[in-house]
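Remarks on the structure that follows.
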There are 2 protein chains.
Amino acid sequence: MNFLEHAVELDWRHSTIEAVGDVIEFWGFKRNQGRVWAHLYLSTSPKSAAELQDELGMSKGAVSMLLRDLEYWRVLKKTRIPNRRAWLYSPETNLKEMIGRVLRERELHFISEVSETLKKAEADAKAEGVDPIIVSRLTKMRIFADGMKKAMDLFITGAQLDLRSVMDVFRPTKAIVAHFKTKRRK
Amino acid sequence: MNFLEHAVELDWRHSTIEAVGDVIEFWGFKRNQGRVWAHLYLSTSPKSAAELQDELGMSKGAVSMLLRDLEYWRVLKKTRIPNRRAWLYSPETNLKEMIGRVLRERELHFISEVSETLKKAEADAKAEGVDPIIVSRLTKMRIFADGMKKAMDLFITGAQLDLRSVMDVFRPTKAIVAHFKTKRRK
DNA sequence: CACATAGTTCAAGCCTGCTTGAACTTCAAG
DNA sequence: CTTGAAGTTCAAGCAGGCTTGAACTATGTG
C-alpha cells in the first residue's frame, strides 16, 4: 500500500465513522458509542478493547464504559479466543433488528411520557374550566404526540404505515374533539 | 381562584411547557425555544418580550435571541398594537405545517449529508479493492440512511408511506446490491 | 430633536455532561 | 497460589454550548 492509498483509506474509514457518530448523537446517544460500533463494523475481524483504545484514540476508561453500554444494548458481541486473555468485540450486523430494538426502548418510551403529560394537562385544564381554545390546543398536541409515537412504532416494527392517518391529527377542531372524546380514558 | 386551583393551573401549564421543551430538545433544537412557543400556545393573547422574560424567568438577552430564532423558522408571528411600543408575539398554530417545514430544513438536510458521505466512502473503498464484505456493509448503511430520509420526507409531507419498502433495506446481500445498482446516480 | 423604552449584541461566566487516568478489582495462565 | 495483563470505577478536569447582563443601537412619541 503506497502513501496515497493509505491516505484515501484513512479518509473513507474516518468519514464513515464520524458520520455514524453524528447519527448516533442525533438519536440522543453518545457520539463515541457510534464511533466504536462503526469502527468494528468496518473491520472484518473482532477487536480488543486495547485495539479500540489505540485506533480510536480514546482512554482506557472511556473504552471500557462505551463497550459496557454497547453490550447492554446488544449492539456488539463479546467473544474469546483460546490462549488470548482479552475479550474481543464484534459488531451486531443486523441493522434492522438492532436499531429497532434500541429505538423502541428509548424513543418510544420518551414519546409515551410526553403523551401522558399532555393527557393529564388536558384533564386538569378542563376541570379548571380553562378557555376551550386552550383545551383544544392541548388536545391537538397530544394527538400529535400519539401520531409520532405510532409512526415511530410502525417504523421500528417495519410494518406498513399509512402516514395519512398520522397526519390526520391536524383535522379541523370539531373532528379533533370528537377523536379526543372517543379515545380518552380514566 | 383559590390557592389549590392556582397550584393546579401552575402545574399543568408548567408540565406542558416542559414537555414541549423536551420534545424540541429531542429534535435537536434548544429547549427554551420550545418553552417560549409552548407558553404562547397556551395563551389566548399575544405577549411581549418583556412578558415572556418575566413569565418564563429568562434574561432579556435570551428572550431576544430565542424570539429571533423562532421568527426565522416562522414558528411565531410578530404583531403590533396601536399605542403600544413593544412587539407582540403569537404562536403559529398550524402544527403540521410548522413542524413539517422546520424538520424538512434541518433533519432532512442532515440525513442527506450522511447518505452522501457513505456513498463517497463506498466508491473509495471499492476503488481501493477493499474486502467486499466491508463494501457491502457501507452499502447497507447507505441504503438505511436513504430509507430514513425517505421515511422522514414522507412523514413530513404527510404522504402515504409503505414502511415495508423502507425496511426492505435489510434484505439479503444479493438483493441489496441489486437495489444499489438500480438506484445509484452520477 | 430629545427622550425613553424596546430590542440587540457578545464577552464572560456557568452548567452539564463527557473524558481522563490512576487506583482498584478480576481473572486466566503457569 | 502467584503474577501480571485486562477490565472497572469514579473523582477531577475539561469542553462546548447556553445564559446572563451591561453596553449599545433602534425607534416611536411628543
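Chain identifiers are assigned alphabetically (A, B, ...) following the order of the sequence lines, protein sequences preceding nucleic acid strands; residue numbering begins at 1 within each chain. Treat the numbers as computed from the prediction; the structure is a model and nothing was measured.
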Set of side chain to side chain donor-acceptor pair (under 3.5 Å) partners for A/Glu107, sequence neighbours left out: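 Once residues adjacent in sequence are excluded, A/Glu107 has no partner under the side chain to side chain donor-acceptor pair (under 3.5 Å) criterion.
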With sequence neighbours excluded, residues passing side chain to side chain donor-acceptor pair (under 3.5 Å) with A/Arg101: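 In terms of side chain to side chain donor-acceptor pair (under 3.5 Å), with neighbours along the sequence ignored, A/Arg101 is linked to A/Glu97.
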Gap between atoms [atom1] and [atom2], on [X] and [N] respectively (whole Å):
{"X": "B/Lys30", "N": "D/dG16", "atom1": "NZ", "atom2": "P", "result": "17 Å"}
{"X": "B/Met58", "N": "D/dT19", "atom1": "CE", "atom2": "P", "result": "7 Å"}
{"X": "B/Glu25", "N": "C/dT16", "atom1": "CD", "atom2": "C1'", "result": "11 Å"}
{"X": "B/Leu66", "N": "D/dT20", "atom1": "CG", "atom2": "C1'", "result": "12 Å"}

Salt bridge (charged side-chain N to carboxylate O under 4.0 Å, His left out) partners of residues 38-47 of chain A, not counting sequence neighbours, each pair once: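 For residues 38-47 of chain A, and leaving out neighbouring residues, the salt bridge (charged side-chain N to carboxylate O under 4.0 Å, His left out) pairs sorted by first residue read A/Lys47-A/Glu55.
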Expected rows: protein N/O vs nucleotides 21-23 of chain D N/O, under 3.5 Å:
none

Selection residues 47-66 of chain B - residue pairs positive for ring-ring contact (aromatic ring centres under 6.0 Å, His included), sequence neighbours left out: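 Of all non-adjacent pairs touching residues 47-66 of chain B, none passes ring-ring contact (aromatic ring centres under 6.0 Å, His included).
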Sequence neighbours excluded, every pair satisfying ring-ring contact (aromatic ring centres under 6.0 Å, His included) that has a member inside residues 34-55 of chain A: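 For residues 34-55 of chain A, and leaving out neighbouring residues, the ring-ring contact (aromatic ring centres under 6.0 Å, His included) pairs sorted by first residue read A/Trp37-A/Tyr41.
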Shortest non-hydrogen contact between B/Thr16 and A/Ala121, atoms and distance: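 The pair with the smallest heavy-atom distance is OG1-CB, 3.2 Å.
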Upstream residue (5' side of DNA chain C) when A/Gly57 and B/Glu71 are each assigned their closest nucleotide: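 Checking each residue's closest nucleotide, the 5'-ward one belongs to B/Glu71.
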Any residue meeting side chain to side chain contact (heavy atoms under 4.5 Å, CB included) with A/Ser45, in chain and number order, not counting sequence neighbours: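 Per chain and number, A/Ser45 pairs via side chain to side chain contact (heavy atoms under 4.5 Å, CB included) with A/Ser43.
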DNA chain C contacts among residues 35-56 of chain B, heavy-atom distance under 4.0 Å: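 B/Ala49 - these, ordered by number, are the residues of the stretch whose heavy atoms sit under 4.0 Å from the strand.
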Whichever hydrophobic residues join B/Leu88 through chains of side-chain contacts under 4.5 Å: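 B/Ile81, which link up through side-chain heavy atoms under 4.5 Å apart, make up the rest of the cluster.
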Sugar-phosphate only, base, or nothing, as touched by B/Arg31 at under 4.0 Å among non-hydrogen atoms: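 Nothing, no nucleic acid heavy atom in range.
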DNA chain D-proximal residues of residues 72-91 of chain A, any heavy atom under 4.0 Å: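 Contacting residues: A/Arg85, A/Ala86, A/Trp87.
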Only pairs under 3.5 Å count here: list side-chain donor-acceptor contacts from residues 21-28 of chain B, not counting sequence neighbours, and write none if there are none.
unit_1	atom_1	unit_2	atom_2	d
B/Asp22	OD1	B/Arg31	NH1	2.7
B/Asp22	OD1	B/Arg31	NH2	3.3

Side-chain atoms of residues 57-73 of chain B: list all donor-acceptor pairs with protein atoms under 3.5 Å, sequence neighbours left out, distances to 0.1 Å.
unit_1	atom_1	unit_2	atom_2	d
B/Ser59	OG	B/Ala62	N	3.1
B/Asp69	OD2	B/Gln33	NE2	2.9

Pair A/Val20-B/Met141, side-chain contact (heavy atoms from CB on, under 4.5 Å): steps then yes or no: CA-CA 9 Å; A/Val20 171; B/Met141 287 194 284; 3.9 Å; yes
Side-chain N,O (B/Asn32) to OP1/OP2 (D/dT19) below 4.0 Å: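 Answer is yes, contact under 4.0 Å.
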